[in-house]
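Just below is one structure, and these are the notes that go with it.
Values in this document were obtained by computation on a predicted structure and should not be read as measured data.
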Amino acid sequence: MTNLRRDSDVDVSRYVAGIAARMNERVTDISAILRRGLEDEIPELRGDARTVELLGASVEGNVDTILHALQHDIPVARINAPTAAIEYARRLAQHGVSVKALVRAYRVGHRRMTELVFAELRATDIAPADGVTVVEAITSTLFDYIDWITEQVVAVYETEREQWLESRNSARALRVREVLAGKKPVDIDAATESIRYPLHWHHLALIIWYPDTGASGDELTRLQRFVRELAEAVGTAAAPLFAAADRMSGWAWLPYRSEQSDAVAKVRDFASKRADAPRLAIGIMGQGVPGFRRSHQYALLARSVALTRGDVEPRIMAASDPGLSAAALLGGSAEVAEWVGEVLGELATDDENDARLRETLRVFLHTGSSYKAAAAELDLHFNSVKYRVGRAVARRGRPITDDRLDVELALLICHWYGAAVLRPNTD
């Protein structure tokens, strides 16, 4: 009987390993299914683009880890939570997402993963008696893994949350967030005294951040120092306001007694000359509490474009840059990219030649279809503009007379989002 049991155990292990190996070949697709399910069922997980990206990395890290554990019979007790899962727990803690949402994410993911395993098992040629044993082995390992990993990420979350609340000048930052939320009336005088910032004045909001790569641990200190030096250089009428958004980014406001038409240009000039400057998204000038909020909202729009583009130039984006806010509202999602491809055809290809043609056509349409005006703006000869416009229309594959507005919007989106909404060059 002992030998028979051992043979059966070998068969079960072989079936489990085979199922895990086949699923591991589709780890990216499986992870995408799980991530979408989590976003649908847990609204709190629908954060900014970077948080959503980290959620995807966390899900894929967990799926890859558990499938390898099943495939190679690795004891769960020896497994550490994937790095991305740890960083995602930290980010949720920094952004105030509840620990309940984090725990529920693992429970929902566990359920969906179990369903996918059962689907794979049904497609496997296996005797019913062995099938029951295989199910027991897999479900037991999945449960143990979720239980063990959840314990690890919750511990990280709680530690991070405690440290974060202690380190971010909590009373001031919390008051700033309350003013931004606008859920209750604001006593401007009391709020001004609480956050030590003149809310009656004119404001220019900024969002500043460092890329996640190469973090040194003192990013918030560096960001605060940058804001102080920036405020001094551009001549604000009082000290700036800085509030940490997370460990790599912050929100800032520059105060002025009156509207400054050149404030954005001065900020851009200062930051562009600093090799060590963080990434920068600039809002629009606003007055009072409504202007305080509105300027911040526009800075968020500018940052959304920057994050979609990735860590590429330009490092500085302003909501007042022509067309940027409109592009931000349209977004750089996969659906938008698909629409851009439908509107522009081959002109939506990510290469230097098509980029020149797109930019020429964009300026030409923006200047009222004037070759002369476009040539002046692009610093090109009249005939060069005419040639490029013709080539752009040819690359598109149809005239632009019937859907000119669609073409202009698609070109605007390409101008700001770049490769994120373009087709890869396969030549």
Does any N or O in the side chain of Arg293 come within less than 3.5 Å of the main-chain N or O of Val179, such that one atom is a donor and the other an acceptor? yes
Tell me yes or no: between the side chains of Ser58 and Glu60, is some donor less than 3.5 Å from an acceptor? no
Is there a side-chain contact between Trp209 and Met248 in this structure, where contact means two heavy atoms from C-beta onward sitting under 4.5 Å apart? no
Checking Ser194 side chain against Ala191 main chain: does a donor-acceptor pair fall under 3.5 Å? no
Looking at side-chain heavy atoms only, is the closest gap between Glu408 and Ile400 below 4.5 Å? no
With sequence neighbours excluded, residues passing ring pair (Phe, Tyr, Trp, His ring centres under 6.0 Å) with Tyr106: none
Any idea which heavy atoms bring Ala348 and Gly341 closest together, and the distance? CB-CA, 4.1 Å
Could you check whether the rings of Phe292 and His203 sit parallel, tilted or perpendicular, using 30° and 60° as the cut-offs? perpendicular
Taking atom CD as the centre, does Glu232 end up with more than 12 heavy-atom neighbours from other residues, nucleotides or ligands that are less than 6.0 angstrom away? no
Is Arg274 positioned over the aromatic face of Phe226, cation under 6.0 angstrom from the ring centre and no more than 45 degrees off axis? no
Lys/Arg-Asp/Glu bridge criterion (N-O < 4.0 Å) met for Arg90, Glu87: yes
Under 6.0 Å from the CD atom of Glu342, do we count more than 12 heavy atoms belonging to anything else shown? yes
Could you check whether the rings of Trp251 and Trp253 sit parallel, tilted or perpendicular, using 30° and 60° as the cut-offs? perpendicular
So with a 6.0 Å cut-off around OH of Tyr387, is the heavy-atom count from everything else above 12? no
Strictly by side-chain hydrogen bond (donor to acceptor under 3.5 Å, both in side chains), give each pair with a member in residues 142-157 just once, sequence neighbours left out. Asn62-Tyr145
Donor-acceptor contact below 3.5 Å, side chain Thr114 vs main chain His110: yes
Heavy-atom pair of closest approach, residues Val336 and Gly331: CG1-O, 3.3 Å
Rounded to the nearest 0.5 Å, how far apart are OG1 of Thr308 and CZ of Arg303? 10.5 Å
Is a salt bridge present between Glu158 and Arg161, judged by a nitrogen-to-oxygen distance below 4.0 Å? no
Any side-chain heavy-atom pair of Cys414 and Leu344 under 4.5 Å: yes
Contact list for residues 368-385, test side-chain hydrogen bond (donor to acceptor under 3.5 Å, both in side chains), sequence neighbours left out: Ser369-Arg404
Under a 3.5 Å distance rule, please check whether Arg294 uses its side chain to pair with a backbone N or O of Gln287 as donor and acceptor. no
Pair Glu41 + Arg112: basic N to acidic O under 4.0 Å: no
Donor-acceptor pair, Asp246 side chain versus Ser249 backbone, under 3.5 Å? yes
Check against side chain to side chain contact (heavy atoms under 4.5 Å, CB included), Val52 and Arg35: CA-CA 9 Å; Val52 171; Arg35 178 184 60 77; 4.3 Å; yes
Closest contact, heavy atoms only, Ala20 versus Leu70: CB-CB, 3.7 Å
Passing candidate, side chain to side chain contact (heavy atoms under 4.5 Å, CB included) with Pro255, options Thr236, Leu241, Leu204, Leu199: Thr236
OG1 of Thr141 to CD1 of Ile74, rounded to nearest 0.5 Å, is 11.0 Å
How many angstroms lie between atom OG1 of Thr65 and atom CD1 of Ile149, to the nearest 0.5 angstrom? 7.0 Å
Only one of Arg398, Arg396, Arg423 clears salt bridge (charged side-chain N to carboxylate O under 4.0 Å, His left out) with Glu346; which? Arg423
State, with a plain yes or no, whether a side-chain heavy atom of Arg388 is found less than 4.5 Å away from one of Arg356. yes
Atom CG of Asp402 with >12 non-hydrogen neighbours under 6.0 angstrom: no
Heavy-atom closest pair (Ser325 atom, Ala319 atom, distance to 0.1 Å) is OG-O, 2.9 Å
Are the side chain of Ser272 and the backbone of Asp269 linked by a donor-acceptor contact shorter than 3.5 Å? yes
Pair Val363-Glu359, side chain to side chain contact (heavy atoms under 4.5 Å, CB included): steps then yes or no: CA-CA 6 Å; Val363 174; Glu359 186 63 9; 4.0 Å; yes
Determine, step by step, whether Val407 and Leu411 satisfy the side chain to side chain contact (heavy atoms under 4.5 Å, CB included) criterion, reporting the C-alpha distance in whole Å, the side-chain angles of both residues, the deciding distance to 0.1 Å, and the verdict. CA-CA 6 Å; Val407 173; Leu411 291 170; 3.8 Å; yes
Would Glu178 and Arg175 satisfy salt bridge (charged side-chain N to carboxylate O under 4.0 Å, His left out), going step by step from the backbone distance to the final call? CA-CA 5 Å; Glu178 288 175 352; Arg175 190 68 178 123; 3.0 Å; yes
Do the side chains of Ile316 and Phe270 get nearer than 4.5 Å, heavy atoms only? no
Indicate, with yes or no, if the rings of Phe242 and Tyr197 have centres closer together than 6.0 Å. no
When rounded to the nearest 0.5 angstrom, what distance separates CG in Leu422 from CG in Asp354? 9.0 Å
Looking only at heavy atoms, the pair that brings Leu102 and Ala89 closest together is CD2-CB, 4.0 Å
dist Arg111:CZ -> Leu34:CG (nearest 0.5 Å) comes out at 10.5 Å
If you apply the rule side-chain hydrogen bond (donor to acceptor under 3.5 Å, both in side chains), what do you find for Thr221 with Glu219, and how did you get there? CA-CA 5 Å; Thr221 300; Glu219 283 74 20; over 6 Å; no
Are side-chain heavy atoms of Arg222 and Asp276 found at a separation under 4.5 Å? no
Where do Ile79 and Ala69 come nearest, in terms of heavy atoms and distance? CD1-CB, 3.7 Å
Kindly indicate whether the side chain of Leu324, heavy atoms from C-beta on, has any atom under 4.5 Å from the side chain of His415. no
Interatomic spacing from CG in Leu121 to CG in Leu116 - rounded to 0.5 Å: 12.5 Å
So, the side chain of Arg358 versus the backbone of Leu347: is there a donor-acceptor pair under 3.5 Å, distance only? yes
So, the side chain of Thr192 versus the backbone of Ile188: is there a donor-acceptor pair under 3.5 Å, distance only? yes
A side-chain contact here means heavy atoms from C-beta on lying under 4.5 Å apart; do Met113 and Glu115 qualify? no
Side chain to side chain contact (heavy atoms under 4.5 Å, CB included) between Arg309 and Met317, worked out: CA-CA 11 Å; Arg309 287 174 60 91; Met317 286 196 171; 3.1 Å; yes
